[in-house]
Amino acid sequence: MIALVDGDSFYVSCERAFDPRLEGLPVGVLSNNDGCVVARSRELKALGVAMGAPLHQLPPAIRRQSVLLSSNYALYGDVSRRVNQVLAEFSPVVELYSIDESFVHFSGFEPGALEAHCQRLRETVQRWTGIPAGVGLAPTRVLAKLANRLTKRELGYEGVCLLEADSDVTCQVLEQLPVSDLWGVARRTAERLQLMGIETAWQLRQADPKWIRGSFSVVLERVVWELRGHSTIELEDLSMPRQRILVSRSFGKLSSELADLQAATRQHATRAAEKLRRQGSLARAVLVFVRTNPHRSRDAQYANSHVVALPEPCDDTPSILAAVHQALTAIFLEGHRYQKCGVMLLDLMDAERSQLSLLDDPTDEKRRDRSRRLMATLDHLNREMGRDTVRFGLPHKDNAWELRCQRRTQRYTTCWKELVTAKTQ
DNA sequence: TCTGGGGTCCTAGGACCC
DNA sequence: TCTGGGGTCCTAGGACCC
């Protein structure tokens with residue numbers, strides 16, 4: 001059996017775990033730049049605030065009633081790690097799916113015993129991390145995902161819901177479920193399915209898998225098999241490194257200045273290179289993109305990207321910075337108000353398996369070795385002493401492009417200066 | 001004024017080859 | 001008049017996820 005374990009309104013729960021005053025209040029967590037609401041407490045949902053609602057479109061009355069926080073990814077990432085440590089106590093196979101969801105595999109349980117086991121899991125997560133969790137149990141991922149949803153909506157499940165592939169309960173649930181509510185079926189696919197008369201999850205389950213594959217894709221065919229209880233979605237190998245690395249941000253304020261774009265892309269490139277080294281890869285190419293704000297229809301729109309191949313596969317920040325500079329120069333146009341830019345590292349390969357070129361001479365090897373040692377030292381210092389303790393180029397302060405995050409809470413668990421404080425009355 | 005960021009997989013279609 | 005067929009590889013873009 002597969003369990004999908006997720007934290008209820010995860011970001012909100014992280015905030016509440018460290019500030020109990022937030023219990024019972026409508027609480028929301030905002031995306032980067034304080035742009036949209038990306039996590040909502042039950043109370044905020046009840047006020048009718050939609051997922052992804054832009055902050056500036058919320059009615060003033062709702063803004064006054066609720067607590068809206070900037071996102072604190074250092075905190076959420078650390079709490080997520082702690083939750084998964086607890087999960088590992090309950091099963092040897094835990095697959096991290098996202099910051100707030102993990103698939104946990106169980107085998108060898110008697111009927112009934114598994115649900116009790118998952119209840120204990122839930123209670124332990126709550127007690128050790130402060131995060132309330134829901135557990136959806138089923139033979140396949142698509143069904144486990146669905147079972148997990150039921151723990152949120154249906155009273156009586158007490159946080160754990162088991163769906164067998166062929167039980168009466170499962171059939172009833174599928175008959176009432178719009179096909180668009182399934183994991184892997186979003187708007188586009190749902191619209192096409194509806195045109196063909198498939199509106200419920202049950203109807204999709206009954207459809208001919210081969211026909212679904214021909215008319216749609218193998219992806220949707222797998223969903224059909226999963227609904228029938230045959231597991232087809234493979235366990236992802238977490239040791240697999242990322243195939244590309246992207247760092248991008250919207251600006252706090254629009255900017256037309258090349259200098260701003262240069263500074264922002266340099267910062268993104270620095271972060272991307274750090275991620276690249278952390279996963280032990282080398283990049284063969286760099287992509288830079290820029291764009292104006294598509295929501296401002298009055299403004300002239302411009303979006304472009306450019307790829308620059310690196311002279312050799314590498315992970316050193318200066319080479320990547322040079323390529324980024326070249327790419328940005330190729331696409332920057334005067335007279336536009338830019339809203340966002342990003343840096344993507346492409347064509348990644350395993351650093352261990354990098355092959356020496358036939359044209360190499362010993363000086364190349366020496367140069368690479370120096371660069372490796374320099375980067376390792378840099379990463380070590382920045383890890384121990386804080387981000388950007390040592391960096392390339394001049395520091396920038398108060399840039400137009402810096403993020404807005406005015407309501408961020410403390411990084412309680414990852415920053416010595418921001419530990420939680422308690423007062424006695 | 002103000003609208004997120006970071007990924008994956010799949011498919012279609014073009015380029016190219018014999 | 002009549003101009004093949006089959007395969008691989010690569011890329012861009014679509015769709016989806018949280």
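So you know, we letter chains A, B, ... as the sequences are listed, proteins then strands, and number each from 1. Keep in mind the model is a prediction, meaning the values are calculated, not measured.
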Original post:
Which pair of non-hydrogen atoms, one from Tyr76(A) and one from Ser71(A), has the smallest distance, and what is that distance?
Top reply: OH-CA, 3.8 Å

Subject >> Base-pairing assignment for dG7(B) (Watson-Crick or G-U wobble, both under 3.5 Å) >> reply: dC16(C)

**OP:** Return the 5'-most residue of the pair Phe216(A), Asn293(A) with respect to DNA chain B, ranking by each residue's nearest nucleotide.
**Re:** Asn293(A)

**OP:** Would you indicate what Arg242(A) reaches in the nucleic acid, counting non-hydrogen atoms under 4.0 angstrom: base, sugar-phosphate, or nothing?
**Re:** sugar-phosphate

Subject >> Length of the CD-P vector between Gln57(A) and dT1(B), whole Å >> reply: 13 Å

**OP:** May I have the distance from His268(A) (atom NE2) to dG4(B) (atom P), rounded to whole angstrom?
**Re:** 14 Å

Subject >> Trp183(A) ring center near Tyr97(A) ring center (under 6.0 Å) >> reply: yes

Original post:
Given dG5(B), is OP1 or OP2 found less than 4.0 Å from the side-chain N or O atoms of Ser250(A)?
Top reply: yes

Subject >> Whole-Å distance separating the CG atom of Asn72(A) from the P atom of dG5(B) >> reply: 17 Å

Original post:
Counting only side-chain N and O atoms of Ser217(A), is one of them less than 4.0 Å from OP1 or OP2 of dC9(B)?
Top reply: no

**OP:** Side chain of Thr189(A) only, please: which of dC16(C), dC18(C), dG5(B) is the nearest?
**Re:** dC16(C)

**OP:** Determine the contact category for Leu182(A): base if any of its heavy atoms lies under 4.0 Å from a base atom, sugar-phosphate if only primed atoms, P, OP1 or OP2 are that close, otherwise nothing.
**Re:** sugar-phosphate

Original post:
NA contact type, Leu30(A), heavy-atom cut-off 4.0 Å: base, sugar-phosphate, or nothing?
Top reply: nothing

Original post:
Does OP1 or OP2 of dC2(B) have a side-chain N or O of Arg296(A) closer than 4.0 Å?
Top reply: yes

**OP:** Can you figure out which of dC16(C), dC2(B), dG5(B) approaches the side chain of His56(A) most closely?
**Re:** dC2(B)

Original post:
Given dT3(B), is OP1 or OP2 found less than 4.0 Å from the side-chain N or O atoms of Ser31(A)?
Top reply: no

Original post:
How do Pro54(A) and Ser248(A) order along DNA chain B: which one's closest nucleotide is nearer the 5' end?
Top reply: Pro54(A)

Original post:
How close or far is atom C1' of dG6(B) from atom CG of Leu287(A), stated in whole angstroms?
Top reply: 14 Å

Subject >> d(OH, Tyr97(A); C1', dC9(B)) in whole Å >> reply: 12 Å

Subject >> Whole-Å gap separating C1' (dT3(B)) and NZ (Lys340(A)) >> reply: 11 Å

Original post:
Which of parallel (below 30°), tilted (30 to 60°) and perpendicular (above 60°) describes Tyr302(A) and His336(A)?
Top reply: parallel

**OP:** Give a yes/no answer on whether the side chain of Lys145(A) brings an N or O atom under 4.0 Å of OP1 or OP2 in dC18(C).
**Re:** yes

**OP:** Please work out if Ser71(A) contacts a base, only the sugar-phosphate, or nothing of the nucleic acid, heavy-atom cut-off 4.0 Å.
**Re:** nothing

**OP:** Test Asn84(A) against Ser102(A) for side chain to side chain donor-acceptor pair (under 3.5 Å), laying out the working first.
**Re:** CA-CA 8 Å; Asn84(A) 282 292; Ser102(A) 291; 2.6 Å; yes

Original post:
Roughly, in whole Å, what's the span from CZ in Arg188(A) to C1' in dG13(C)?
Top reply: 12 Å

**OP:** Give Asp34(A) one of three labels, base, sugar-phosphate or nothing, depending on what nucleic acid heavy atoms sit under 4.0 Å from its own.
**Re:** nothing

Original post:
Taking it one step at a time, do Asp299(A) and Thr292(A) satisfy side chain to side chain donor-acceptor pair (under 3.5 Å)?
Top reply: CA-CA 8 Å; Asp299(A) 284 7; Thr292(A) 52; over 6 Å; no

Original post:
Do any side-chain nitrogens or oxygens of Arg222(A) fall under 4.0 Å of OP1 or OP2 in dC10(B)?
Top reply: yes

**OP:** Look at the side chain of Gln203(A) and the backbone N and O of Val179(A), then say whether any donor-acceptor pair between them is shorter than 3.5 Å.
**Re:** no

Subject >> Gln243(A) side-chain N/O to dC9(B) phosphate OP1/OP2 under 4.0 Å >> reply: yes

**OP:** Among dC16(C), dT3(B), dT11(B), find the nucleotide with the atom closest to the side chain of Val218(A).
**Re:** dT11(B)

Original post:
Can you check the Tyr73(A) OH to dG6(B) C1' distance for me, whole Å?
Top reply: 10 Å

